[in-house]
Amino acid sequence: FYLTPPQVNSILKANEYSFKVPEFDGKNVSSVLGFDSNQLPANAPIEDRRSAATCLQTRGMLLGVFDGHAGCACAQAVSERLFYYIAVSLLPHETLLEIENAVESGRALLPILQWHKHPNDYFSKEASKLYFNSLRTYWQELIDLNSGETTDVREALINAFKRLDNDISLEAQVGDPNSFLNYLVLRVAFSGATACVAHVDGVDLHIANTGDSRAMLGVQEEDGSWSAVNLSYDHNAQNEHEVKRVKMEHPKSEEKSLVKQDRLLGLLMPFRAFGDVKFKWSIELQKRVIESGPDQLNDNEYTKFIPPNYYTPPYLTAEPEVIHHKLRPQDKFLVLATDGLWETMHRQDVARIVGEYLTGVHHQQPIAVGGYKVTLGQMHGLLTERRARISSVFEDQNAATHLIRHAVGNNEFGTVDHERLSKMLSLPEELARMYRDDITIIVVQFNSHVIGAY
Amino acid sequence: AARMFLRVLSDIQWRAAHPKWRRMTSSQRSTSTTAEPHLVSLPAQAQVVICGGGIMGTSVAYHLSKMGWKDVVLLEQGRLAAGTTRFCAGIVSTARPTSIELKMAHYSNQLYQQLEQETGVQTGYMKTGSISLAQTQDRLISLKRIASSLNVMGIPCEIISPKKVVQLHPLINIHDLVGAMYVPEDALVSSANVSLALATAASRNGVQIHERTSVSHVTIQKGRVTGVETDRGRIQCEYFVNCAGQWAYELGHSGEEPVHIPLHACEHFYLLTHPLKEPLSSSLPTVVDPDGRIYIRNWQGGILSGGFEKNPKPLFTEGRNQLEIQNLQEDWDHFGPLLSALLRRMPGLEALQIMQLVNCPESFTPDMRCIMGESPTARGYFVLAGMNSAGISYGGGAGKYLAEWMVNGYPSENVWPLDLKRFGTLQSSRTFLRHRVMEVMPLMCDLKVPRWDFQTGRQLRTSPLYDRLDAQGARWMEKHGFERVKYFVPPGNDLLDLDHSKTFYKPDWFDIVGSEVKCCKEAVCVIDMSSFTKFEISSTGDQALESLQYLFSNDLDVPVGHVVHTGMLNEKGGYENDCSIARLSKRSFFMISPTDQQVHCWAWLKKRLPDDSNLTMEDVTWKYTALNLIGPRAVDVLSELSYAPMTAEHFPSLFCKEMSVGYANGIRVMSITHTGEPGFVLYIPIEYALHVYNEVMNMGQKYGIRNAGYYALRSLRIEKFFAFWGQDLDAFTTPMECGREFQVKLEKGMQFLGQEALLEQKQNGVYKRFTMFILEDHDTDMDLWPWWGEPIFRNGRYVGKTTSSAYSYTLERHVCLGFVHHFDEKTGEELVVTTDFINQGEYEIDIAGQRFQAKAKLYPFSSLFTQRRRKDEVELSGYQRE
C-alpha cells in the first residue's frame, strides 16, 4: 500500500501556514520578512501546538512552539495564553492603565495581539472568560506594582512564563462552578507542555525556552555555506547544567532518585514544563484536588499516581532560560521546532536544507558560458536538469513543509525517498508514535537589508 | 567572444574612408582610456534636430537630406548604431501582416541592396531568402494569406512543401511540418553598418552628426518646438525628431509639456555560435519557425538564433536611463524553451559550440505596430520609434515616410495604422505598457486570427452600463481603451475558451450574432455606443459655422436640429475623419466621430481652427453615454417613453432633438443608427444612463427588445455597403471614390478644404472605386472566411484589395468591401475607373490563395431596406462608422 505523491503532499501540507509581513510603500521596515509553519501529527490527536502573533501595543513579533505531554490540554492553554502574558508584561504603565480603564467602563479594548493562525489553530471559547479574568488580575497587579522602570524583555518573558504557570496551578486548585470548565482547568494542570518562544524586535532576538523544544539560527557564511547556531538549551537529562540545577534544588539524599533513566524522577523527559502539577504540588494538595474533582479525573490512573520518591516538591518549574541575540545580516532565518524534528535531524542539516530552500526559491545561480566550450546539446541538457530541479524545489511553497518532508522522508544519503515518505505517513495511528513524534516547526525569515541598516 | 562580436557587427573601416566624418566625431574607439576626445561644438541652430543615432535616426536623416532638407543635426548620446541597432539580428523580412508594414519592409530591402554601392560602406547585404515554417494547418493559412498579398505586390513568394524546405535548407527537421512559405528576396544585413552607411550618405549631403551628445529635453512654446537642450548646449530648431528607441518614452516625458510615446522595452535574447565543422554557407536562407517561437539565420559559418518567448521580461519600467545598452545579463534558464525549439528544428546542431547569448532589449508598442508621426500637442515634434523588434526591416521605409511627412506635410502612403495619434495619454501609463508589452511580445509568434483582442490593459474606459451588460452575457472587445460589446452570449450557451475559439473559419458566435441581427431587422435592439468621440464646438457669433464650413465638405448651414454626415477632408480631398454633426443651435455644433479619432481629430481641428477666444471646442466624449436603438420598433419604444410622436412625419431621418426619456430630461435624440436600419441614437448625460437604459429595456420588453453588440452592427453596415473610417476610408480616399458625392457640397458658396481636389476628380474621374462584392461560390460552413486585405481579381487580373468583410444574414452570403483600381495591362499605369469598368468585369476574391467568385455592386440592395424609405433618404444615411 503506497501513497501517491499527491496524497503525500496533501498530508504534508494539511497544516502548513505562511505569513508575509506586509510592505508599506514598497518598503518592508520589519526585520522579519515572514514565517512558514507546519505540523505533522504522530499522536492522535496531536499534542503539539504553535502560535504566532504581532504585538500591537509594543513593537515586535512573538512566535512559539509548544510540545504537550499527557494530553494536549496544557499545550493548548499555553498556546492561547502565553503571548498575552508576555505582551502584558511588556506594556508600559500608561497602556496598562488605559486598558484597565477601558475594561472598567465597558469600552472597547485596545487590541494587544494580532494573531497569525492556521484555521486548525483554535482557541477555547468556553474558557476565554476565565482566562481573561486571570490575565486581568495579572495586569492589575502590574499596575499596582508600577516600578516606573522601562520593561526589560528578558524579565518580561520570565515573569510571563512563571505567572501563567502559576495561574494554571491556581485555577486548578480553585476550580470552577461550571463542570466543563472545572474539568478543563484540571486537565490543563495535570498535563504538561514545554514552550520555546521567540520575541523579535528589530535586531533584538530573545528566545525564552522551557523544556526540550529548540531554537536554532541559520547563518550564511561568507562562502555561501550554511551553519547553525543554537539559541536555546534543552532542559533534559542530556544537559549537565540542568541535571546539576535540579540536584542543587533538592536534598543530597534524593540525588540518586532525582534523575533515573534520563528522566526526572524516572518519569518525565523535560526538566522544565508548564502544568504537570504532579511534579509541583504537595501530595496532600494533589489528593485533595483529585478527590474533590470530577469522576473522570478520579478514574484516571495517571493523575492518581504519585511519582515515587516524591519528598520535596516542587521538582519542576516553568521558568524559562532566556537568550538574547543581536541579529546580524548573515543571520538569515530562525527555526523553532519541537523535539520531533531534532530527534530525526541534526541542526547542521536543518540549517543547510532550509538555507538552500530559501535561496533556491529566490535565485538559482545563473549560468554563464564565459570562456568555456559548451555545445548547444550540453547546454540543453543542463537547462533541462535545472528545470527539473527547480520544479522539485517548488513542490513545497513552505520551508517548514520542506523540512518535514526531509525529516520524515530522508534516506541514508540525505535525500527525500518517496517510498520511505509514503511508508512513514501511512503508518496506522497506533504505530505512528513508535516511529516518529509530533513535529511542529516555525521558520522565521529575516530581512537582511533592514538588519544591515541598523 | 564579446569583443569579436563587436568587431564583426560594427565594421570600423568606414571611418578612415570618410575624413570629414572623422573630424566631426573624433575617434573615440582608438583613443585610449584617459584623453577625452575633442568634440566639435554644436551649431546654435538648425532646421531639424534628430535625437538617436540608430537605424531610425540615420534613416530619417538620410531621407530628409535626399529630399533637400540639409540643415539637419543628428545627436546620439553614445555612439552611432550602438543601441538596439547594434545588437539587431539583421534580418530583412518582407512577410508582414499589414500592407503598410509590408511596403515599408519592401522599400527597406530595395534601399539596403544598393546602399553599399551608393555609399561605399560595406553593409553585409546578402540576399538569402527566408522560409517561414508551419507546424499546423492554421499557421499555413496565415502564411498563405501573407503570400497572397506579397504576390500581388510583385514580391516573389511561394508556398512550398516540407520536401522543398529540405532542399533549401538541409539542416531543417521537417517531420512535424505541414508546409512553409519561401520568400527568395529576403535578405540579411549588418544592421549597424546599414545605419552607418545611411549616416555616411546623410553626412555627405550636409547633415551634421554629433555623437556623445545627449538631449535633456525639448523646449516647446505655444505648441511649437523651439529648440533642444543638450548636455553640450542648446540648439534652436523648428523640427525635432524623437528616434530615441527604447528611451523615446522617457525623452517624450522629459520636457515641461509631455509628448506621450507609448512603448516599453523587453529583454530579447538570441544565441550566437561558433562555425559548424563545415561552415554554413552565407547564402543559406533565414528560417522562421513561429510555432516554435524562433528564428534562425546563418552567421559567420555558424548560426544566430533568437525568439519571442511566452514569458517576456519587460525592463526599464522605472525609466532608468543609460548611455548604451551595456551587456545585460545572459539568462540561459529563460532561453531554455527557445533552445529546445531550436534543437528540435535543427537536431544536427547539438554539437555546435556556443559563442554567446546576447541580451538585447527591444521596444514594443501597445498594438504591435510602430509609432511614427507628429505629436498632437507639439507641432514640429516628430516621432519614429517602437519597432517591435522589426527595426531593420522597417528602418528604410519608415524613415522615408517620416521624411515625406515632414517635408510634404503627409507621407505618400496611408500610415494611419502607425500614426502616433492613434494613441493618447490613456495608453501612456507605465503599468499599462508593462502589462501590455508582456502580451505583445509573445504575439509576435502567436497565430493572429480574425477578430483577436488584447487581453491585458483592459477595462480602462467603460460605459456606466458596463456591469449591467456584463451580467447579461456581454463579451467585450476594446477600442482606444474603451470596452465595447461584441455580442451577448445567451444564458446557458457556452462559447469555446479563448484558445479554442481561434479560427479562420466560421466562428462559434455565428448563430448568436445572427439572432441579434434578426432582432435588429424585425424588432428592436440596444447597442451601447458610448465610445464614440464627441466634441462640442460653439462660438459667440458665426465663427463656429464659418470655420466648420471650411473644414468639412458637406454644407453645415442647415436648420437647427438637423444632422449632417460629412467628411473632414485634407487638401487632397481624402478623409481625415468621417463625422456626423448636429446643429444644436445657430452657434453650436455637436460632432460625433469614430472612437480612435479622439486624439487625431482634436489635433487636426486645433491646428486649423482660428485662435479666437470666442470660439470654443470641448471634448465631451466622457459626458455622454450613447445608446443606439436599432430596428422597426425603436419608434414605438421611444414614443412610449417620451410621450412624443416619433414617426417619420414628426421626427424625420437625420434629425436631432433634446427630449425626455422616462424621468430623465435633456436626452439628445438623433434619428441615425449607423447601420441603415431605422432607429435612433440617444446621447444621455452619464448620470442618467442607467435610468434610461432600464426604462428602455422595460418598455421594450413588449416589443421584443434585446441587447446587441458591434458584430451585429458590423454585419448590418457592411451588407448596406456603409464604409467605415479607419478601415475602408483613410486619408487617401475621397468621397468621390466611395460614392459619397452627395455628402460633398461643391457649390455651398464658400471654399472648403479639399474642394479643388474634389472638383478635379469630378471632372477627370476617379482612380479607384469603393465596391461591394457578394461572394458567390463560398460555403460559409466549410470555406475560409474573408477578413480584410484579400486581393481582388477582375478578369483574372489584380485590381485591388478588400478593406472589410462580413457575413450578411439577410443575403446569406459573405459581403466584402474594397477598392477597385484600373491598371493598364501593359504599363501598369493607373487609369480612371468608370462605372462600366466596374460593371463589366468578372470578379474573384483571393482568400489565402483560394479564389472565390464575387459579384460586384456599386450600390446597395434596395430591397434590403425598409419599405417606406425613399431612395434619397437611403443615400443620405449611407454612412457608417464603427
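Side chains included, hydrogens not; waters and symmetry mates left out as well; all remaining heavy atoms used. A, B, ... follow the sequence lines: proteins, then strands. Residue 1 opens every chain.
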Distance under 6.0 Å and angle within 45° of ring axis: B:R430 vs B:Y249: yes
Residues in residues 275-293 of chain B that sit under 4.5 Å from chain A, counting heavy atoms only: none
Residue part contacting chain A, namely of B:L357, when any heavy atom lies under 4.5 Å: neither
Side-chain H-bond candidate by donor/acceptor type, A:R50 with A:T440, under 3.5 Å: no
A:W226 ring center within less than 6.0 Å of A:Y357 ring center: no
Distance-only side-chain donor-acceptor flag, B:N359 / B:E267, under 3.5 Å: yes
Partner set under side chain to side chain contact (heavy atoms under 4.5 Å, CB included) for B:P258, not counting sequence neighbours: B:H253, B:H260
Contacting moiety of B:L343, where chain A heavy atoms sit under 4.5 Å: side chain
Short side-chain donor-acceptor distance under 3.5 Å, B:S389 and B:E362: no
Point-to-point distance, once rounded to the nearest 0.5 Å, from CD of B:E330 to CZ of B:F269: 9.0 Å
